[in-house]
Protein chains: 2
Amino acid sequence: MNPMTAARSPLSPTDRPQLGLRERKKIKTREGIRAATYALIKEQGYDATTIEQIAERAEVSPSTVFRYFPTKEDIVLTDEYDPLMLEELRNRPAGESWLDSVRHVMHLAIEANNREDPEVARMRAHLSVQVPAVRSRMVESMSATGRLLREAIAERHGLDPDSIEVRVYAMSFIGGLMEASMYWAENDFEGELSDLVDRALDVLEHGLPTENT
Amino acid sequence: MNPMTAARSPLSPTDRPQLGLRERKKIKTREGIRAATYALIKEQGYDATTIEQIAERAEVSPSTVFRYFPTKEDIVLTDEYDPLMLEELRNRPAGESWLDSVRHVMHLAIEANNREDPEVARMRAHLSVQVPAVRSRMVESMSATGRLLREAIAERHGLDPDSIEVRVYAMSFIGGLMEASMYWAENDFEGELSDLVDRALDVLEHGLPTENT
DNA sequence: TATATTTTGAGAGCTACTCTCATTTCATGG
DNA sequence: CCATGAAATGAGAGTAGCTCTCAAAATATA
C-alpha cells in the first residue's frame, strides 16, 4: 500500500518494473476489489457484505470479482509472503539454532505485514477470529506455508520432509504462529504480536513455564 | 454402530436407556442420513453427492437433513468424544507425566473410534485429506477440543487456561493428532494410527530425532 | 489501420443453506 | 380410547456463493 517504505524493506512484495497497460490495470482492479471489500466489511461486517456489493463499489462485474479471487475469503486474506520467508530462512547463518532462525523470520514477516498496512493486518486477524470461513481459509493457507517449511527443516536437519516427524515439527510452528495471532486479536491487539510469537516459540522450545526441565 | 461391543468399551457414546418412540425415531433418522451419505459418497464422491440425493436415499426431506446437521460436512464428521476424553484425562493418576496421559487418552480415542466402525473412521480421514471443506470443518472441531484441553492442562499445571502458553501447548497436541491422522490417510492407512500418534508426541516431547538434546 | 489476444460483462444455472407455515406424528391426561 | 398440546416433518420460496458460456470491449502486435 505504501510503495515508498515497502520498496526498501525485506519481505515485501517485489516492486513492479515496467509493465504494460494491461498488467497495470489488472493490479489496479485487484487492489480496487480489495479496497472495496475492506471498506464494506468495515461498514457492514463480513457476512452482510455480498459479492454484488463489492463488485458495485469496485466498479466491476461480479464475474470479474471471481476471476480475481477464487472465494470471498481470499479477497480478505491473500498475500504471498511465503516464498520470501523461505528464502530468508535458508539464508540464515548455519550456526544459528533452528528456533532462532524461525523466530527471526517470523519477526520479519510480522514487521513487513504490519508496515504495509497495519489496519488491514488487524482486520485480517480480527476476521480470522470472528468469521469461521475466513479462519479456515487462513488455516489452509498456513498449512501450505507449513509444507514449504518442511522442506527447509528437512534440508537443515537432513531428514525426510515427508516424514511425520518433520510434519509435526513444522506444524507446531505454524500452529504457534496462528495461536499468537488469534490471541492478539482476541485481546484487542494490545501488546506487540512479536512478543506473543516469542512466547509461543518459547513454549515449543521449553515446554510450559512451570516445567523446569 | 455395534452396540454389543460399544457398550462395554471406554470412551464410547453413552448407551440409551429407555427412550420414547420419538427419541428413538430421531436417532434412527439421524443414523439413516449418515448411512445414506456414506453410501453415496462411496459411490460418487463427496462433491457429486448433493443434499437432495442424501435426503432421497434416507427417505426424508432436504429440510430434515439440515435440521439434523448444520452443514454437509457435519454429516460426515460429527461425533462427540470430547467430554469423554476430558474426563478420562482428569482421571489419570496424579504421578503420570502429562505427555503419557495425553498419549494414553489419544490411544483410547483412536481405539474407540476405530472399533465403532473402522471403515467410517478411514473414510473420515480420507475425506479430511481430499476435501478442503471437510478438512476445515475437522480443524474447527479439533480446535474446540483444544479449548477443552486447555482447561485440563491449566488445571494440572496451575496455569491460566487462556494464557498464550497454554493455548500453544494444547494446540501442539491437537496439531500433532491431526498430522498423524492425515499422514495415515495420505499413506493409504498402512500401519497403525496409534503408532503415528506416538511418533508425533515424541517429536513434541523431544524435538526432532537428530537433535539429541 | 487491421488483426489477434486478453479481459470483461451479462446472464443462466447449480447447490448449500435459511425461513416460514401448514400438516403430520407422537406424548399425555382424562 | 380419545382429545389436546407439543414436537417433528415436508413443501416451497428465497439468498448468496460460485461456475460456465458466449459475445462485446479493450489492449497488444504488425
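Nothing here was measured: the structure is a model prediction, and the numbers come from that model.
- Under the 4.0 Å criterion applied to side-chain N and carboxylate O atoms, B:D202 and B:R103 are assigned as salt-bridge partners.
- As a whole-Å value, the separation of B:R30 CZ from D:dA8 P is 13 Å.
- Atom C1' of nucleotide C:dT20 and atom CZ of B:R67 are separated by 11 Å, given to the nearest angstrom.
- In A:E186, the CD atom is crowded: over 12 heavy atoms of neighbouring residues, nucleotides or ligands sit closer than 6.0 Å.
- Non-hydrogen atoms lying under 4.0 Å from DNA chain D are contributed by B:V60, B:S61, B:S63, all within residues 55-63 of chain B.
- In this structure, the side chain of A:R150 does not engage the main chain of A:V166 through any donor-acceptor pair within 3.5 Å.
- Within a 6.0 Å radius of CD in B:Q44, more than 12 heavy atoms belonging to other residues, nucleotides or ligands are found.
- Salt bridge status for A:R92 with A:E88: absent, with no side-chain N to carboxylate O gap under 4.0 Å.
- Here the side chain of B:K72 is nearest to one of D:dT27, C:dC17, C:dT8, namely C:dC17.
- Protein atom CZ of B:F69 is 14 Å distant from nucleotide atom P of C:dT18, rounded to whole Å.
- Looking at every heavy atom in both residues, A:Y46 comes nearest to A:K72 through O-NZ, 3.1 Å.
- We find that CD1 of A:I54 is positioned 12 Å from P of D:dA16, with the value rounded to whole Å.
- Close to C:dT7, at under 4.0 Å from its OP1 or OP2, lies a side-chain N or O of A:K26.
- Nucleotide D:dT9 holds its P atom 13 Å from the NZ atom of B:K28, rounded to whole Å.
- The side chain of B:E73 lies closest to C:dC17 when the candidates are D:dT9, C:dT7, C:dC17.
- At a threshold of 4.0 angstrom between heavy atoms, the contacts of B:Y68 are confined to the sugar-phosphate backbone, with no base atom among them.
- Each of B:T49 and B:E23 was matched to the nucleotide of DNA chain C holding its nearest heavy atom; the match closer to the 5' end belongs to B:T49.
- Atom CD in B:E52 sits roughly 11 Å away from atom P in C:dC14 (whole-Å rounding).
- A side-chain N or O of B:R156 and one of B:S101 form a donor-acceptor pair less than 3.5 Å apart.
- The base of C:dT7 has none of its N or O atoms less than 3.5 Å from a complementary donor or acceptor on the side chain of A:R22.
- To the nearest 0.5 Å, the span separating CG on A:L40 from OH on A:Y38 amounts to 13.0 Å.
- In this structure, the helix from C:dT1-D:dA30 to C:dG30-D:dC1 shows an angle of 20° between the axis at its start and the axis at its end, each fitted on 5 base pairs and rounded to 10°.
- The closest donor-acceptor contact from the side chain of B:S181 to the backbone of B:L177 lies at 3.5 Å or more, if one exists at all.
- In this structure, the CD atom of B:Q53 is 8 Å from the P atom of C:dT15, given to the nearest Å.
- Taking atom CZ on B:F66 and atom C1' on D:dT9, their separation rounds to 15 Å, with Å as the unit.
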